[in-house]
Structure formats: C-alpha cells, structure tokens
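Chain letters run A, B, ... following the sequence lines, proteins first and then strands; every chain starts at 1. For clarity, every value in this text was computed on a predicted model and none was experimentally measured.
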Protein chains: 2
Amino acid sequence: MTDPAELERDLRSAGLRVTRPRLAVLDAVHAHPHLDTEALIGAARTRLDAVSHQAVYDVLRVLTDTGLVRRIQPQGSVARYEARVGDNHHHLVCRSCGAISDVDCATGAAPCLTPSGDAPPDFVVDEAEVIYWGRCRSCATAPAAPSTTDRPAERGNP
Amino acid sequence: MTDPAELERDLRSAGLRVTRPRLAVLDAVHAHPHLDTEALIGAARTRLDAVSHQAVYDVLRVLTDTGLVRRIQPQGSVARYEARVGDNHHHLVCRSCGAISDVDCATGAAPCLTPSGDAPPDFVVDEAEVIYWGRCRSCATAPAAPSTTDRPAERGNP
DNA sequence: GGTCGTTTCTTGACTGCTTCAAGGAAACGG
DNA sequence: CCGTTTCCTTGAAGCAGTCAAGAAACGACC
C-alpha cells in the first residue's frame, strides 16, 4: 500500500483533482501491477466501500492519459495497467498462462529502439513497445497444464 | 490477386481443406495487408458472392492458428491480419491516423531480440513483438487533422 | 469556515467486436 | 459415387468498454 500523500501529490502534479476513487485505483495499480480492469474494480472496492465500475474506467482513462499509469494489452488479453511509467521497460508474456513480468529496457530512454536500416518511410517514432512471447517456467515444464496460480489471459482457449 | 493454385497449395501444406471462403480470405489478406475483420469480410465478398461473417472469423482463426496469416492488434485497434509471415518483421503505427506499415527486422530470425541483461526470471522466449509508435508524415505535418485516406484505428477519438 | 462553479462519480442502458450453438452443405478419401 | 468428417450458414449471445443524464464531491474564492 503506497503512501496516500504520495499518491495525492502525484495526482496534483498531473493537474488532476484528488478524489477517493482516484486514490483507490492508483494505489491498487501500484500494489498489483498488470491487473485488468475487473480486478482493479475489485481491488478498489477493498479500499473503498463502493465504487462504480464506470468510475474505475474513467479513472483509468484519465490516469493513462496523464501518464500516471501505463496501459498494456497483449493479444488475447483485456487491458491491463501498471504504475511503473517513464522507464520504458518491456514485458514478458507467457503464452499459456498469460503471466506477465517486467524486463528492463537495455537502452533506457524512449524510443529505446529505432526501426533498423532506416528504411521506414516518413515515420517519426517516439516509442518502441516490445512484448516478449514465450513460456514461464511452470508452463514450460508442464506444457499441457496451464498453472492456475496466475490469471489466464487468453479467452478462447480450448 | 495471388495465384489461386498457390494459395491452394499453401492451404494443403498446412493440412487444411481447400474451400472457397478460405481461398477468398487468404487472397484478400495477401492483397490488402493490415485490414481488419470487417474490411476482410467486404474483400472476401467481392471475390465470392456470399460469405457469412462467421465464416470469415472462423477462417481467420484457422489461418492464424496454422501460421498462414499473422494477426496483429495495436492498442486501440481491432484485430488486423497480414500474410507476411515467417520473417519476424515489425510494425510502425501512426498514433493519430492508425496507419500501419511494415519494418524489416534487423536480426532476422525469431526471437530477433532477447530480453536484455538476462535478468528475466525463468522465461523461455520464442518471439519478440515490436510496435513502433509515432506519426506518419501526413499526420506529423498536420497534427490536428488526421488524414482520412488511411483507415483510423482508435475508436474513442474525440 | 461557508458558498459557488466545475469536475467527477452513480446509475442504467447500449454499442460493437467476437464467439457460441445447431443444423445443413461441401470437401475428400476410398 | 458414397460416407465420414469438416466446414459454412443462420441466428443469438457474451463481454469489455462506452455513452448519457443527473447527483455528489472537489477546491478556489470570499
């Protein structure tokens, strides 16, 4: 649980009003990286007695727009959010259980990567988003049995 | 329009039955890279008199599963498909008009990139998916007026 | 502290992409 | 040519996310 005063300061410095739903959601995103919206609604409701799902959607949008949180959405997954912003890190996603983990970016500053061979015609690139696809250890060792300890990402799994 | 015999050969070598919807969709994906499903339904219907939208969804799933087409889905966009597979290339996406273009991968073979600093814990990576975000030339020069010549990607644009 | 204007949250309905399900049609091996 | 298997059609449903109108909360100013 992050210091409320710090969260409040973050909101204010982003030019946002400080409201209880915003504090709750922001704290939840800090506490649990890579959660989806539904889970964040739940997490916000443990902090507050009641929040509408619409409020959480609104808050997440505002926080994303102001850069306080980052939204990621690997294929086959719904939107997920994290509070680690500004360091241009990347993500590892497990193909079978959907687990996500962070990887530091080698180059550091965005766009950490530029299209190779400067062939690209007329594009001004400001960010390179990288997703590493593979299998986490538990799924790599037990291929057919996706672990249930992490939340699955793919919807249409047979 | 790709040679039908060639498309047929591709289907067979992937172990798939050759049907008219599959040929039509596969040809459409070859002809128009980065189209979304709705546009592909339209493109398939110019090749065939009638195809159900469900058939196109089914076909796209099968083609994706067998690796004959690749599915991409930048944030804020619906699913899009391309027939350029196996070369592990990447994509440039314009933030304002949603235009997508291809970039060759420098390294060539997948995973063209490995997580830097081998810090990542216990992940077997088989692919690195890179999306370069930025602005295409027309949008970079006219920031406030997204070009309508390319199909927009974002839905909730004000 | 109290008051006012603006922003934000609540409630409820709705959209759009995608998938599910059942039955008929087509592909392909024999 | 026939039977089995797979695939397409039709129609409906699911689900994440959005829209809209009114009530509540924030915070600036007095």
Looking at [Y], is its backbone amide N or carbonyl O close enough to the side chain of [X] to form a donor-acceptor pair, meaning the two atoms are under 3.5 Å apart?
X	Y	result
R45(B)	V51(B)	yes
T66(B)	V62(B)	yes
D36(A)	A79(A)	no

message: Please tell me whether S96(A) and R135(A) have a donor and an acceptor in their side chains that are separated by less than 3.5 angstrom.
response: yes
field: Any side-chain donor near an acceptor of the partner, D102(A) and H34(A), under 3.5 Å
entry: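 Yes, because at least one side-chain N or O of D102(A) sits under 3.5 Å from a partner of the opposite role on H34(A).
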- request: Check every atom of dT10(C), dA21(C), dG17(D) against the side chain of Q54(B) and return the nucleotide holding the closest atom.
  value: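 Selected nucleotide: dA21(C).
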query: Among the nucleotides dT10(C), dT18(C), dA16(D), which one has an atom lying closest to any side-chain atom of H53(B)?
result: dT18(C)
message: Generate the contact string for nucleotides 25-30 of chain C. Rules: B means base contact, S means sugar-phosphate contact only, - means no protein heavy atom under 4.0 Å.
response: -BBS--
Find the distance [X]:[atom1] to [N]:[atom2] and express it as a whole number of Å.
X	N	atom1	atom2	value
D58(A)	dA21(D)	CG	P	15 Å
Q75(A)	dC17(C)	CD	C1'	15 Å
L60(B)	dC17(C)	CG	P	14 Å
D49(A)	dA24(D)	CG	C1'	16 Å
I41(B)	dG16(C)	CD1	P	14 Å
R61(B)	dT6(D)	CZ	P	17 Å
L63(B)	dC7(D)	CG	P	11 Å
E38(B)	dT15(C)	CD	P	16 Å

message: Under 4.0 Å, heavy atoms only, any strand: does V62(A) hit a base, just the sugar-phosphate, or nothing?
response: nothing
salt_bridge(R95(A), E127(B)) N-O dist < 4.0 Å: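 Salt bridge: yes.
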- request: Indicate yes or no: does R9(B) engage D3(B) in a salt bridge with an N to O separation below 4.0 Å.
  value: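 Between D3(B) and R9(B) there is no salt bridge, as every charged N stays at least 4.0 Å from the carboxylate O atoms.
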- request: Between E8(A) and Y57(A), name the one whose nearest nucleotide on DNA chain D is closer to the 5' end.
  value: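 Looking at the nearest nucleotide for each, Y57(A) comes out on the 5' side.
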message: Please give me the minimum heavy-atom distance between R17(A) and R22(A), naming the atom from each residue.
response: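 Nearest pair, atom of R17(A) first, then R22(A): O-NH1, 3.0 Å.
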Option among H91(A), R71(A), H30(A) that satisfies the side-chain hydrogen bond (donor to acceptor under 3.5 Å, both in side chains) test with E82(A): H91(A)
- prompt: Closest nucleotide of DNA chain C for Q73(B) versus for R22(A): which of these residues is on the 5' side?
  reply: R22(A)
- prompt: Given dG17(D), is OP1 or OP2 found less than 4.0 Å from the side-chain N or O atoms of T37(A)?
  reply: yes
Bend angle of the helix from dG1(C)-dC30(D) to dG30(C)-dC1(D), end axes from five pairs each (to 10°): 40°
